[in-house]
Protein chains: 2
Amino acid sequence: MAGKRATINDVASLAGVSIATASKALNGRQDVRAATRERVLAAAAQLSFQPNALARGLLSGQTRTVGLLTSDSVGRFGIPVLLGAEDAFGAGEMAVLLCDARGDAIREQHHLRALLSRRVDGLIVVGESTDPRPSVSKDLPIPVVYAYAPSEDPGDVSFVPDDVGAARTAVGHLLALGRRRIAHITGPSHYKAARDREEGVRSALAEAGVAQAGQTLWGAWSQRWGRHAAEMLLMSEPSIDAVFCGSDQIAAGFVEAARERGRRVPDDIAVIGYDNWEVLSTETRPALTTVDMKLETLGRTAAQHLFAAMDGKATPGIHKMPCELIIRDSTRGTAYLWARLRAGSVTCGTCHVRNRCVFVRRLRAVTPHPASAHAAPFSARWRSRRGGYASGRCGGRCPGARRPCG
Amino acid sequence: MAGKRATINDVASLAGVSIATASKALNGRQDVRAATRERVLAAAAQLSFQPNALARGLLSGQTRTVGLLTSDSVGRFGIPVLLGAEDAFGAGEMAVLLCDARGDAIREQHHLRALLSRRVDGLIVVGESTDPRPSVSKDLPIPVVYAYAPSEDPGDVSFVPDDVGAARTAVGHLLALGRRRIAHITGPSHYKAARDREEGVRSALAEAGVAQAGQTLWGAWSQRWGRHAAEMLLMSEPSIDAVFCGSDQIAAGFVEAARERGRRVPDDIAVIGYDNWEVLSTETRPALTTVDMKLETLGRTAAQHLFAAMDGKATPGIHKMPCELIIRDSTRGTAYLWARLRAGSVTCGTCHVRNRCVFVRRLRAVTPHPASAHAAPFSARWRSRRGGYASGRCGGRCPGARRPCG
DNA sequence: CTCCTGGACTTAAAGGTTTTCGGAAACGTA
DNA sequence: TACGTTTCCGAAAACCTTTAAGTCCAGGAG
């Protein structure tokens, strides 16, 4: 801890100029001789002067600070959004004031007042589910953007994942693999996310003229429900060859129970999860094909639009952000991959590089529909060195991969 | 969005008093007639006046804001600490300014300057591992507290989990269960956390005069390493009856591989994890006995000590925070529980209530050493209604339980 | 009557910075 | 010398709130 903090006054007197000149020199403005500026800068460095953001903000009316109001940051969904937003802001000179209301409206009002009194330049409200939430923007002197949970007021700016589209893509993937007996297990029906995904499933199946295998099973988001549902489903619909699950937890439970019942994944039943919660999706065997909601991107986009709104360029409405299907071993099969490859939109589920994975390149080189190209690029020796868990990995040779695969 | 924000000046003139009187009325101070105060308050409400925290802070020199500097909030460990801290601050009128340096020292310096220029009253630095990190507190005009990762400077205030003690407790639990062939699988040896836990294991075993089964296996924190290590260990030390794992991921991998090799958990081998990462520890079968580092408590404590430090009551040094062993099915066995019960420190792994779980009460009532009391309170019918996964749950009847069990 | 007391209110300063405007000096031109 | 222009710098206002100090007045005591 040092003593008193230096003010521009101290800098000015040390440099032998007035505070006005010091201010101009420090802020790189005109009307200061080079030699004088030099002197001021030297004095500032000597005193390790830090301009007082409070005084500056008081004068300019801008604090270069935004509020991040979350209703439940314990939830897994708020965090990535928060990080994406922090990322976008941090790139500039913005700071983030974090408030967690814990789902309590009173506490939310309290935090809102605190943020307002701190004169934040903008506000991001991030929710814990995709169900619409009450607007806070009424009569607020600053722009507000909603992330993950949209505002009930369509005049507000909201960003949500496109659950309907993602479910449609997922089911399309199963159909392209040739699966025709497709079941759907999901969470509680009072979640809009569950209902939206169900809508996507229905629409994709209807479009293909395929009937759903059994009824949609509504339950919880948990692994336990996945196991339970698997038992019920395998009893009532023994002929299913694919399942779309509303969460990775459900999918992990399903895979476990199915295996115990003697069904192989993906050979007998292809399984798709949701959320790309990596501890589950990449660590279970087989690794789960799953929907990644790109929540960090969503948060970043929300932050960028908040910037735009602070410049007066608001874009009202509920913006649906595209999700991405991450294809892994639980839907191994190449027909669909091949089609996506032509369209140029295959992403390696491990290294996250588009069209670069050795696996995909090999696939392109060999044949339009190789029967089991997925594990092909890897020699038995290489696989055994890796403990046998390497199938579908690209062996770390992807150029530009974020992390080595395998 | 409303127009211009009201200042205390507007309030004063609307109420027909001077700004000094308005300030006094608003802040509930003496020397204001009741009727006048009434008038001012009404005016403030009418204009929805929010005092400008900037101006207030400029004058008082206190912003009632603290900085939270994290080196990697993506890590699982930073988040709970952050939440605990936010919790402690939010209870007062403090706000939290969040900065994520992403492990980059340059960026950290940048954020530090930004926080300083915003005149935060204090700073919490939270790290992503328990390895000591460089101090930032040199010549800082504000108090700093380190959470999870301690500062290299022993003169700073740091809070870290007591990894040594937790490992000792965990191994003590295994010994009390009668296990004598105890192995240890953990993460990379360049992690202080791994080395500390190893020290705890060694000390507990030495104290009991029991030799460790095989060498400590150092690897990664991943599920894959758990599987791999299990294969190696079951080959080289087939007689093991317990394993202490450095993380829940390792433990989950171990359980999976052990089961495939025909070993039952916990009957043949008792398994303990670390972190109490609930998606793994409660959802795997059997649910994992594991060490909970109480990171939220750690964060809260750090925040409280920051308050104290802001009052000049700093408590330098590295404070080791106690961890808690959460006993679940993967070490099912009652001898040890019974001993802990006498000491009054058994916590139900599901509902987190001390000594209240039906299981524990039943245990107390029946016999000092029931052979299989764990599943006893549950009728076969109740279990089948629950899908058979209910063993060890208390059936939701715990008084004061945070959430229904089972 | 004066003096004192205390209550109710106002004035003014302070806090640190930015910005506008005016002043002074230097220089060139008539 | 007189005057205009350019360059550099300083004085002061502004931002909004809090607070110490001061004013004013009514009422009580002497």
Side-chain angles (χ1 to χ4, degrees), chain A residues 3-41 43-44 47-65 93 113-114 116-121 141, chain B residues 3-41 43-44 47-65 93 113-114 116-121 141:
Chain A
K4 201 75 187 59
R5 288 192 246 230
T7 73
I8 199 172
N9 221 320
D10 306 328
V11 174
S13 53
L14 180 59
V17 296
S18 74
I19 52 171
T21 304
S23 171
K24 277 181 268 193
L26 256 15
N27 294 318
R29 296 187 16 157
Q30 302 291 64
D31 296 347
V32 183
R33 216 176 358 166
T36 313
R37 164 160 303 151
E38 198 73 17
R39 249 189 10 261
V40 172
L41 257 33
L47 299 172
S48 64
F49 165 72
Q50 294 275 7
N52 187 327
L54 270 62
R56 189 179 276 179
L58 185 60
L59 200 54
S60 70
Q62 289 204 358
T63 53
R64 309 188 69 70
T65 305
E93 297 284 299
R113 263 199 301 279
L116 247 32
S117 119
R118 283 190 161 79
R119 295 298 188 266
V120 293
D121 294 335
Chain B
K4 200 73 188 61
R5 290 193 242 234
T7 73
I8 198 172
N9 220 320
D10 306 328
V11 174
S13 52
L14 180 59
V17 296
S18 74
I19 52 173
T21 305
S23 172
K24 276 182 266 192
L26 256 14
N27 294 321
R29 295 187 19 161
Q30 301 290 66
D31 296 348
V32 183
R33 221 175 354 168
T36 312
R37 182 182 310 261
E38 198 75 16
R39 258 201 347 273
V40 172
L41 257 33
L47 299 171
S48 66
F49 166 72
Q50 294 277 4
N52 187 327
L54 270 61
R56 191 180 274 180
L58 185 60
L59 199 55
S60 71
Q62 288 202 1
T63 54
R64 309 187 71 67
T65 306
E93 296 285 297
R113 262 199 301 278
L116 247 31
S117 116
R118 283 190 161 78
R119 295 298 188 268
V120 292
D121 292 337

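Naming: A, B, ... by sequence-line order, numbering from 1 per chain.
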Indicate, with a heavy-atom threshold strictly under 4.0 Å, whether [X] touches base, sugar-phosphate, or nothing.
X       : value
A:Asp31 : base
A:Thr36 : sugar-phosphate
A:Gln30 : nothing

Check this one for me: any side-chain N or O of [X] less than 4.0 Å away from OP1 or OP2 of [N]?
X       : N      : value
A:Ser18 : D:dC9  : no
A:Arg33 : D:dC9  : yes
A:Ser60 : C:dT18 : no
A:Thr7  : C:dG16 : no
A:Arg29 : C:dT19 : yes
A:Asn9  : C:dT17 : no
B:Arg56 : D:dT18 : yes
B:Asn52 : D:dC15 : no

For residues B:Asp121 and B:Thr65, determine if any side-chain heavy atom of one lies less than 4.5 Å from a side-chain heavy atom of the other.
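Side chain of B:Asp121 against side chain of B:Thr65, heavy atoms only: no contact under 4.5 Å found.
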Within-4.5 Å side-chain heavy-atom neighbours: A:Arg37 and A:Lys24
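Not touching, per the 4.5 Å side-chain cut-off.
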Would you kindly give the [atom1]-to-[atom2] distance between [X] and [N], to the nearest whole Å?
X       : N      : atom1 : atom2 : value
A:Leu54 : C:dA14 : CG    : C1'   : 15 Å
A:Arg37 : D:dT7  : CZ    : P     : 14 Å
A:Arg64 : C:dT17 : CZ    : C1'   : 15 Å
B:Ile8  : D:dT19 : CD1   : P     : 11 Å
A:Leu59 : D:dC15 : CG    : P     : 8 Å
B:Leu26 : D:dT18 : CG    : C1'   : 12 Å

Any donor-acceptor pair, under 3.5 Å, between the side chain of B:Lys24 and the base of C:dT10, if you only look at N and O atoms?
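Counting by modelled atom types and ignoring angles, a donor-acceptor contact under 3.5 Å is found here.
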Show me the side-chain donor-acceptor pairs of residues 55-62 of chain B shorter than 3.5 Å, one per line, residues at least two apart or across chains.
{"unit_1": "B:Ser60", "atom_1": "OG", "unit_2": "B:Arg56", "atom_2": "O", "d": "3.2"}
{"unit_1": "B:Ser60", "atom_1": "OG", "unit_2": "B:Gln62", "atom_2": "N", "d": "3.1"}
{"unit_1": "B:Ser60", "atom_1": "OG", "unit_2": "B:Gln62", "atom_2": "O", "d": "3.3"}

Side chain of A:Leu58 only, please: which of D:dC9, D:dC16, C:dC9 is the nearest?
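Of the options given, the side chain of A:Leu58 lies nearest D:dC16.
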Closest approach to the side chain of B:Ala20, judged atom by atom: which nucleotide of D:dT18, C:dT11, D:dA14 is it?
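For B:Ala20, the side-chain atoms sit closest to C:dT11.
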With B:Ile8 as reference, evaluate B:Asn52, B:Ile19, B:Val40 under the side chain to side chain contact (heavy atoms under 4.5 Å, CB included) test and give the passing residue.
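For B:Ile8, the side chain to side chain contact (heavy atoms under 4.5 Å, CB included) check succeeds only for B:Ile19.
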Euclidean distance, B:Arg119 CZ relative to B:Leu54 CG, rounded to 0.5 Å
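Taking CG in B:Leu54 and CZ in B:Arg119, the distance rounds to 12.0 Å.
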Donor-acceptor pair, side chain of A:Arg118 and main chain of B:Thr63, under 3.5 angstrom
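Between the backbone of B:Thr63 and the side chain of A:Arg118 there is a qualifying donor-acceptor contact (under 3.5 Å).
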Residue mapping more 5' on DNA chain C - nearest nucleotide basis, B:Ala34 or B:Ile19:
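Nearer the 5' end of the strand: B:Ala34.
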With DNA chain C as reference, determine whether B:Ala55 or B:Val17 sits nearer its 5' end, using the nearest nucleotide of each.
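Looking at the nearest nucleotide for each, B:Val17 comes out on the 5' side.
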